[in-house]
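Both ligands and their constituent atoms are indexed starting at 1 by order of listing. The first residue of the sequence shown is numbered 1, and numbering continues consecutively from there.
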Amino acid sequence: MKKEKLVIRELQTPEEFRQTEAISRLAWQFNDLAISPVSDLIASTHSGGLTAGVFSGKQMLGFVHSLPRVNQGQPCQHSHLLAVHPKAQGKGLSIRLKLYQREWCLAHNIRLITWTYDPFFLKNARLNLGRLRATVRTFLPNFYGAMGGIYGELPTDRFEVAWRLLDPLVERAAQGEESAVVHEEEKLPVVTNPRSIPAAPRLAVTFPAGAPALYQTDPAGSIKERRRFARIVGPLLEKGYEVTGVTLLRKGPAYVFDLR
Ligand SMILES: CC(C)(COP(=O)(O)OP(=O)(O)OC[C@H]1O[C@@H](n2cnc3c(N)ncnc32)[C@H](O)[C@@H]1OP(=O)(O)O)[C@@H](O)C(=O)NCCC(=O)NCCS
């Protein structure tokens, strides 16, 4: 890809919106019917949403799209799409897009952004919880129904993250601060049975490594893991725990749950 200065800005023309289709197709490997139509993106942007792209010259390398939402009487945005062209991934573009979205929201007096993601995606978990310092209090079972693409036939269970834009941790993360490494994590009680949740303020729940490739190589095992994870996470959130981080234990990747 040609080296040009990268610019992040709101999309301006239908042709620019059209470029989101190719990126979505590559990023999610969806069939055409599962790709958000340009007309929907334009209408929801017109109605108070944001669609911003990162450009190298005229070429879009990634985009973020959010819809207006109201939370407890306050305006917020629900971020529906974030995708980076596979050839441009791993270079920090998603972080730049999210930080642009944060600045845009603050300039519009919006202090909360929500979005959903597949809790088995370690990369997204690190981005959302580790790098951006969003947290999770809501679990949405089979949110979209089966979607295909990189999600295969798995139930589309989702974590809904809340990004409180003026939270001091979020402000520091926006300045580039790394999340603190918790060294005692190996000692965290790991919840394996929803009927015997240890009485501790901080707990861990493991999830399988290797998604989304795992969904294609071991669909049956992935579905089994999905069910196990859902059985544990639902009761934990109901008990007042919040997902605050993601870590790597000897057993594999795990979420950190803190009592609120
Ligand atoms: C998720 C996605 C948007 C990330 O975009 P990206 O530009 O490649 O990500 P970045 O380079 O900005 O990395 C963001 C963070 O993700 C994490 N990350 C990135 N690559 C990773 C990898 N291979 N393994 C683990 N974590 C990784 C890191 O925490 C990284 O932050 P750091 O560089 O400060 O450590 C991109 O992979 C994508 O388009 N995926 C498909 C669509 C999707 O899942 N969209 C979002 C959910 S709907």
Side-chain angles (χ1 to χ4, degrees), residues 1 6-8 19-31 34-36 41 49-56 59-67 77-102 113-134 136 138 140 143-144 147-152 154 156-163 169-170 172-181 207-216 243-249 252-256:
M1 227 165 260
L6 299 181
V7 174
I8 303 185
Q19 289 196 54
T20 63
E21 288 181 339
I23 294 177
S24 295
R25 204 172 277 119
L26 288 165
W28 283 288
Q29 294 161 32
F30 283 153
N31 66 35
I35 294 201
S36 297
L41 299 191
L50 165 69
T51 310
V54 51
F55 289 90
S56 168
Q59 191 190 2
M60 189 189 292
L61 300 179
F63 72 98
V64 65
H65 169 73
S66 54
L67 312 151
Q77 290 270 303
H78 182 75
S79 191
H80 178 43
L81 303 168
L82 168 70
V84 172
H85 190 295
K87 284 190 180 158
Q89 289 181 9
K91 299 179 174 153
L93 296 189
S94 72
I95 296 170
R96 291 178 62 179
L97 283 163
K98 292 304 286 184
L99 293 180
Y100 179 93
Q101 187 183 43
R102 175 176 182 271
I113 305 177
T114 56
W115 65 93
T116 64
Y117 79 100
D118 182 329
F120 287 2
F121 283 19
L122 178 61
K123 193 202 298 196
N124 301 50
R126 282 200 170 145
L127 168 66
N128 298 334
L129 309 180
R131 181 63 182 82
L132 300 175
R133 305 308 301 261
V136 175
T138 309
L140 303 166
F143 189 49
Y144 297 111
M147 289 185 97
I150 58 173
Y151 302 113
L154 253 69
T156 48
D157 295 357
R158 293 290 179 266
F159 268 171
E160 181 174 59
V161 306
W163 200 23
L169 277 180
V170 173
R172 293 211 297 274
Q175 304 305 320
E177 184 182 284
E178 299 289 321
S179 65
V181 179
F207 61 98
L214 185 72
Y215 300 166
Q216 316 298 329
V243 189
T244 56
V246 62
T247 185
L248 278 178
L249 303 179
Y255 283 106
V256 176

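The shortest distance between side-chain heavy atoms of Thr114 and Trp163 does not fall below 4.5 Å.
Arg25 places no side-chain N or O within 3.5 Å of a backbone atom of Phe30 that could act as its donor or acceptor partner.
Screening residues 117-130 for salt bridge (charged side-chain N to carboxylate O under 4.0 Å, His left out) gives Asp118-Arg158, Asp118-Arg226 as the qualifying pairs, with residues at least two apart or on separate chains.
Contacts of ligand 1 (protein heavy-atom distance under 4.0 Å) are Ala27, Trp28, Leu82, Ala83, Val84, Gln89, Gly90, Lys91, Gly92, Leu93, Ser94, Ile95, Lys123, Asn124, Arg126, Leu127, Arg131.
Interatomic distance, OH of Tyr215 versus OH of Tyr151, reported as 8.5 Å (0.5 Å rounding).
Residues satisfying the salt bridge (charged side-chain N to carboxylate O under 4.0 Å, His left out) test with Asp157, not counting sequence neighbours, are none. With sequence neighbours excluded, no residue forms a salt bridge (charged side-chain N to carboxylate O under 4.0 Å, His left out) with Arg133.
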